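First up is the structure itself, then whatever we jot down about it.
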Amino acid sequence: MNKDEDGNITFLDPPEGKTGDQWYWEITPRDYGPKYVTPEFEAKITLPEDSGDGAKLKEDEIMKEFVARNWWRREC
């Protein structure tokens with residue numbers, strides 16, 4: 001992880017031979033980390049788009065048009 005002088009955080013790509021999920025699990029408190037982050041903090045995070053959570057978010061963005069809305073959920 002890199003943090004610049006403005007507080008922006010960039011997560012690094014995992015070492016060769018490991019997926020982002022494997023590596024981040026080894027080096028971070030995934031089970032014990034914060035369960036909520038403020039929008040201000042989240043805006044300062046950059047995830048690599050080709051591994052780990054960054055890849056999952058990118059895939060979500062690509063696939064969202066193909067996902068049907070839950071029939072049991074109503075808009076308030």
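Since we're looking at a predicted model, the values are computed, not measured. Residue numbers start at 1 and run along the sequence shown.
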Trace of the side chain to side chain contact (heavy atoms under 4.5 Å, CB included) decision for Leu47 with Leu57: CA-CA 9 Å; Leu47 298 167; Leu57 291 172; 3.7 Å; yes
Nearest-0.5 Å distance that lies between atom OG1 in Thr19 and atom CG in Asp13: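 Output value for this atom pair is 12.0 Å.
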Heavy-atom side-chain proximity of Asn8 to Thr46 below 4.5 angstrom: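 The answer is no, as the side chains (C-beta and beyond) never meet within the 4.5 Å cut-off.
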Residues Phe41, Ile9; criterion side chain to side chain contact (heavy atoms under 4.5 Å, CB included); working and verdict: CA-CA 9 Å; Phe41 181 79; Ile9 298 169; 3.7 Å; yes
Shortest non-hydrogen contact from Pro14 toward Trp23: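 Looking at all heavy atoms of both residues, the closest pair is CA-CE3, 3.3 Å.
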Main-chain N/O of Asp6 paired to Asp4 side chain as donor or acceptor, under 3.5 Å: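 Present.
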Reference residue Glu49; test side chain to side chain contact (heavy atoms under 4.5 Å, CB included); the match among Lys58, Glu59, Glu61, Lys56: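 By the side chain to side chain contact (heavy atoms under 4.5 Å, CB included) criterion, Glu49 pairs with just one of Lys58, Glu59, Glu61, Lys56: Lys58.
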Lys44: partners by side-chain hydrogen bond (donor to acceptor under 3.5 Å, both in side chains), with sequence neighbours left out: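 side-chain hydrogen bond (donor to acceptor under 3.5 Å, both in side chains) list for Lys44, sorted by chain: empty.
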